[in-house]
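As structure tokens, the structure follows; a few thoughts come after it.
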Amino acid sequence: MTGLLLTGQILLAQDKTINPGAIWPDSDGNHIQAHGGGIIKIKGTYFWYGEERRKGLDSNFRYVSCYSSTDLINWKFRNDVVKMSDPENLGKGWILERPKVFFNAETKKYVMYFHLDDVTYQYARVGIAISDRADGNFRFVKSLRPLGRPSRDIGQFIDDDGSAFLIFEDRELGFHIAQLSADYMNVEKEMCLIKMPLEGGALVHFEGLYYVIGSQLSGWAPNPNKYATSKTLTGPWTAFNDIAPPGSNTYQSQSTMMLKVVGTNATAVIFMADQWNPSHQSDSRYLWMPLEIGKGKLWLPKPQPWTIDLKEGAVKLVSKKQ
Ligand code: GAL
């Protein structure tokens, strides 16, 4: 009995840790495929959407996966919510990257934004697809250039009052933070243009300050990601500073989102990033770590296993032996 119990406890301990950079098995035992992703919380459930890049996919299609979790640690594969064939005749090698889903409480629709491009990355538009359910299937509606500008990497941000924003990278100018229309089907209002060549945009509102993170423009290769802060989304923003020792190239990762978890005792902000493996994308990993954040400072601690109590909002770094 004791032996069994002990085994049970060990198994439980394993399931309670997030291991940055490691293979991350879903509830079927497959490495999670949700690259360049985004997360929304619907009632008590988190939905994680991302680029589905598992081996053996039909190369005529692009796929977006959806996983769900109630603890942010154990994820269940729900569906490939997008299986799309070239929607705008962009030709061989067309691109669907960095899908982000917003839930519109008025229309009750799930609205997905994604980077839509041709193989040369010159089309530079966002695609929009909608679904009645969180786990699909999403139907392509249209593409657009937000605010009339080219758009490559996108990020999503939902403020404390529920308003929804798209962050998009506009190579010549910098990157924009823009509010979506009431039905989320358009990018309506520029909040600010940050004149820095940054992508992989991520934003969080924490203790009265906005913190924005971006990576530099170096394709799949990691670089030192940077952050700035502002009291309002319209700026002015502070100068950009490193989020980690610059020599680590953000511990070989690139930002995709910051997730705020408000608990009864504390509020955690989780840095979600991709560790790309461009020649074996199905083996790209995730670097998720709770940030040290507050009073205008933000720092990504050295990656190590950690756990979170969602109710309390408390995070705990866990020694590797456990
Ligand atoms: C990165 C971008 C990725 C992907 C890649 C292609 O800069 O963040 O999403 O587009 O370039 O080289």
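Order of appearance sets the numbers: ligands from 1, and atoms from 1 within every ligand. Predicted, not measured: the structure shown is a model, and the values here were computed from it. Positions are given from 1 along the sequence.
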Between E106 and K108, does any side-chain N to carboxylate O distance fall below 4.0 Å? no
Quick one: do E52 and K83 make a salt bridge, cutoff under 4.0 Å? no
Of all the non-hydrogen atoms in the protein, which one sits nearest to [atom], and at what distance?
{"atom": "atom 9 (O) of ligand 1", "value": "R98 NE, 2.9 Å"}
{"atom": "atom 1 (C) of ligand 1", "value": "G219 O, 3.3 Å"}
{"atom": "atom 7 (O) of ligand 1", "value": "E199 OE2, 2.3 Å"}
{"atom": "atom 2 (C) of ligand 1", "value": "D153 OD1, 3.3 Å"}
{"atom": "atom 10 (O) of ligand 1", "value": "E97 OE1, 2.6 Å"}
{"atom": "atom 12 (O) of ligand 1", "value": "W220 NE1, 3.6 Å"}
{"atom": "atom 6 (C) of ligand 1", "value": "Y121 OH, 3.3 Å"}

Select one of side chain, backbone, both or neither to describe which atoms of Q254 lie under 4.0 Å from any atom of ligand 1, heavy atoms only. side chain
Is the F102-Y110 ring centre distance short of 6.0 angstrom? no
Answer yes if the ring centres of W288 and W24 are under 6.0 angstrom apart, and no otherwise. yes
What verdict does the ring pair (Phe, Tyr, Trp, His ring centres under 6.0 Å) test give for H115 and Y121, after you've listed the backbone C-alpha separation in whole Å, the side-chain angles of each residue and the deciding distance to 0.1 Å? CA-CA 10 Å; H115 174 192; Y121 285 97; 5.7 Å; yes
Of Y286, W276, F271, the one forming a side-chain contact (heavy atoms from CB on, under 4.5 Å) with S253 is F271
